[in-house]
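Structure, as structure tokens:
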Amino acid sequence: MIDLKLLQKDFQGVSDKLVRKGVSVELLDSLKKKSEELKTAKVDYETLQAAQNTMSKEFGIYKKEGKDVSELKARVDANKIKITEALEVQRIKQEELESLAMSIPNIPDDDVPDGEDENDNIEIRKVLTPREFNFTPKEHWELAEQNGWIDFERGVKLATSRFSVSFGMGAKLERALINFMLNFNSKRGFEEVSVPSIVNRAALEGTGQLPKFEDDLYKIEDQELFLIPTAEVPVTNLFQDEILSPNQLPIKLTAYTSCFRKEAGAAGRDTRGMIRQHQFHKVELVSITKPEDSDKIFDEMVQTASDLLSALELPHRLVNLCSGDLGFGAAKTVDLEVWLPGQATYREISSVSNTREFQARRAKIRFKDENKNSFVHTLNGSSLAVGRTMVAIMENFQNEDGSITIPKVLESYIN
RNA sequence: GGACAGCUGGCCGAGUGGUCGAAGGCGCACGCCUGGAACGCGUGUAUAGGGCAACCUAUCUAGGGUUCGAAUCCCUAGCUGUCCA
């Protein structure tokens, strides 16, 4: 959630920044008005409540002294009606403000490049050179089927389109990757954690998936519970509504989970293969930091994901997302895109974001900062999306006969 | 699935309608004592919001109700524990 006080204080500055992310000034203006209205309503209510409390105390004294209370009771009753009204006004204002504020995205950092969409993203650097093929490299779905690693039809049979099944070496490789990634991240100081795949509404509001993106989530029928779209949700929300002590920070965690996404609005995109599935495996990094440390840890997380790809000998590049391509909660995002020779293009395999205090404010994650409470910064990043890593291995490590060499670092995990 | 019990501040724990935001203890912080420490003694020690000073509002798992007034009574939900199937 954006800082409403900041919006009051520096409306121009905040709106200038949010316009870059496609938020209209009118929306921000009404947000500012609503927040002022709520304040007034609150003062009104609290004034009446204070009077009520005073009179109630008098009431007790009257009773003790045996005085007549009928006149006082009449006054109190009259005031009570006013309180009920004032409370209702406040409740409505509160709701209006919240629904508005919760749908405003995070303010992008100043160094985020301007732009509309992915075409305006800025490449930071390339890592490793793609290998030269002396034959025409195949795309992963062909290799997956040829090697018997992945069965797309049976995934559809069990669920619906965009589900798949891994067999034999495909399944083994998947498991090997998960283990390898978790171990790798542990060595980099991220503590392993295992979390639920189902979370409640509050958790999703905390990290920003709700209320705006309910259509992208799988909801459990008849319950206010959802399948997680990323481990970022349960892991970040571990600390929801907590006041951490400064010496606990930074908290650096890594988790493996399945992720579930409806992919609403992605019809027709990546329909072949396993680039865009409804269920996929992912190893995630999450950090909770003091504000002054978040830039440093952001770089660490990007580096960890990049090193992971390098360890797997996968050529990739780092991309700084432009303002228009930035996700809802992100102040800054660096994507890692892996080289796919079959498609002769770089495709996203990891996304590292600093949400600064956007999620912390929504999820109420704070720390004691010299006697006063401050919001922490929260960061998240994939390291890595397992399915897409499989895709990258298949395409980059394919041989002319369609067989696939296993990357060296994974050998010990497979045997 | 059924029955019962409980859920109070960082922790333990008192409190069954009226200065209770909450006794007491532990812990923690500071001070005294000490050569230094322990012990002892003293003082302080929840969170959020508004004015941003006095002060005011809210919070004793959550939500609702009764009442002039609720940690205390009633209802619902969640969690924990015990027992029965």
Side-chain angles (χ1 to χ4, degrees), chain A residues 1-10 31-102 195-196 198-206 210-211 219-226 234 237-249 251 288 291 357-376:
Chain A
M1 194 155 76
I2 70 162
D3 184 352
L4 290 170
K5 275 186 191 160
L6 187 67
L7 187 76
Q8 308 267 18
K9 226 169 48 194
D10 182 20
L31 183 66
K32 187 182 168 211
K33 268 204 201 98
K34 282 272 177 294
S35 121
E36 279 158 5
E37 282 172 23
L38 174 63
K39 201 167 149 180
T40 313
K42 263 193 170 155
V43 171
D44 288 349
Y45 166 71
E46 283 177 11
T47 309
L48 290 167
Q49 188 61 49
Q52 185 78 357
N53 289 343
T54 311
M55 285 190 277
S56 287
K57 272 181 194 157
E58 274 178 50
F59 204 99
I61 296 164
Y62 274 42
K63 278 270 177 190
K64 210 183 260 174
E65 293 174 352
K67 285 208 224 156
D68 177 35
V69 293
S70 56
E71 185 270 342
L72 182 60
K73 183 159 168 26
R75 271 197 291 148
V76 154
D77 285 342
N79 194 56
K80 214 177 165 184
I81 294 163
K82 283 195 213 157
I83 287 182
T84 311
E85 288 166 3
L87 189 61
E88 181 62 9
V89 170
Q90 191 201 307
R91 195 186 59 77
I92 291 166
K93 297 285 176 205
Q94 177 90 42
E95 258 173 31
E96 287 174 349
L97 179 72
E98 234 156 61
S99 71
L100 206 56
M102 290 292 270
V195 290
I198 292 177
V199 294
N200 57 31
R201 185 170 284 275
L204 287 154
E205 283 173 351
L210 288 179
K219 188 175 179 189
I220 312 287
E221 203 176 356
D222 297 333
Q223 281 183 290
E224 285 296 290
L225 294 172
F226 302 81
N237 279 289
L238 286 171
F239 307 98
Q240 183 196 104
D241 211 9
E242 288 190 27
I243 297 168
L244 303 162
S245 97
N247 54 34
Q248 283 178 271
L249 301 175
I251 296 169
I288 314 276
E357 52 177 62
F358 185 80
Q359 290 180 332
R361 180 171 276 115
R362 292 168 80 106
K364 297 194 180 65
I365 308 174
R366 290 159 295 181
F367 74 105
K368 266 239 173 327
D369 186 11
E370 291 166 10
N371 289 327
K372 80 177 206 298
N373 297 318
S374 304
F375 289 109
V376 297

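Protein chains get the first letters and strands the later ones, always in sequence-line order, with residue 1 at the start of each.
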How far does the [atom1] atom of [N] sit from the matching atom of [M], given to the nearest Å?
{"N": "B/A22", "M": "B/U8", "atom1": "C1'", "result": "8 Å"}
{"N": "B/G21", "M": "B/U59", "atom1": "C1'", "result": "9 Å"}
{"N": "B/G6", "M": "B/G42", "atom1": "P", "result": "36 Å"}
{"N": "B/G9", "M": "B/G2", "atom1": "P", "result": "30 Å"}
{"N": "B/G25", "M": "B/U45", "atom1": "C1'", "result": "14 Å"}
{"N": "B/G18", "M": "B/A71", "atom1": "C1'", "result": "13 Å"}
{"N": "B/G15", "M": "B/C7", "atom1": "C1'", "result": "15 Å"}
{"N": "B/G78", "M": "B/U61", "atom1": "C1'", "result": "8 Å"}

If only side-chain N and O atoms of [X] are considered, is one of them under 4.0 Å from the OP1 or OP2 phosphate oxygen of [N]?
{"X": "A/K5", "N": "B/G50", "answer": "yes"}
{"X": "A/K39", "N": "B/G51", "answer": "yes"}
{"X": "A/N53", "N": "B/U57", "answer": "yes"}
{"X": "A/Q49", "N": "B/A58", "answer": "yes"}

Using every non-hydrogen atom in the two residues, find where [X] and [Y] come nearest and quote the distance to one decimal.
{"X": "A/L72", "Y": "A/M55", "result": "CD2-O, 3.9 Å"}
{"X": "A/F375", "Y": "A/K364", "result": "CE2-CA, 4.5 Å"}
{"X": "A/F226", "Y": "A/I220", "result": "N-CG1, 4.2 Å"}
{"X": "A/G206", "Y": "A/N237", "result": "CA-OD1, 3.9 Å"}

If you look at every strand shown and take non-hydrogen atoms under 4.0 Å, does A/K73 touch a base, only sugar-phosphate, or nothing?
sugar-phosphate
NA contact type, A/Q52, heavy-atom cut-off 4.0 Å: base, sugar-phosphate, or nothing?
sugar-phosphate
Expressed as a whole number of angstroms, how long is the span from [X]:[atom1] to [N]:[atom2]?
{"X": "A/K364", "N": "B/U59", "atom1": "NZ", "atom2": "P", "value": "16 Å"}
{"X": "A/Q240", "N": "B/A62", "atom1": "CD", "atom2": "C1'", "value": "13 Å"}
{"X": "A/L48", "N": "B/C68", "atom1": "CG", "atom2": "P", "value": "18 Å"}
{"X": "A/L38", "N": "B/U57", "atom1": "CG", "atom2": "C1'", "value": "13 Å"}
{"X": "A/R91", "N": "B/G64", "atom1": "CZ", "atom2": "C1'", "value": "13 Å"}
{"X": "A/N200", "N": "B/C79", "atom1": "CG", "atom2": "P", "value": "12 Å"}
{"X": "A/Y62", "N": "B/C68", "atom1": "OH", "atom2": "P", "value": "16 Å"}
{"X": "A/L4", "N": "B/G50", "atom1": "CG", "atom2": "P", "value": "11 Å"}

Determine which nucleotide pairs with [N], using a 3.5 Å limit on both distances of a Watson-Crick or G-U wobble pair.
{"N": "B/A71", "result": "none"}
{"N": "B/U16", "result": "none"}
{"N": "B/G6", "result": "B/C79"}
{"N": "B/C11", "result": "B/G25"}
{"N": "B/G31", "result": "B/C41"}
{"N": "B/U57", "result": "B/A48"}

Hey, is NZ on A/K63 packed in by over 12 heavy atoms from elsewhere, all under 6.0 Å?
no
Closest nucleotide of RNA chain B for A/G60 versus for A/M55: which of these residues is on the 5' side?
A/G60
Contacts of A/F59 and A/K63 projected onto RNA chain B by closest heavy atom; the upstream (5') one is A/K63
From the list A/E96, A/E98, A/R91, side-chain hydrogen bond (donor to acceptor under 3.5 Å, both in side chains) with A/Q94 holds only for A/E98
Of all the choices, [options], which nucleotide is nearest to the side chain of [X] once you look at every atom?
{"X": "A/V76", "options": "B/G49, B/C68, B/G50", "result": "B/C68"}
{"X": "A/S56", "options": "B/G18, B/U57, B/G50", "result": "B/G18"}
{"X": "A/D77", "options": "B/C56, B/C68, B/A58", "result": "B/C68"}

So do the side chains of A/V376 and A/I251 get within less than 4.5 Å of each other, counting heavy atoms only?
no
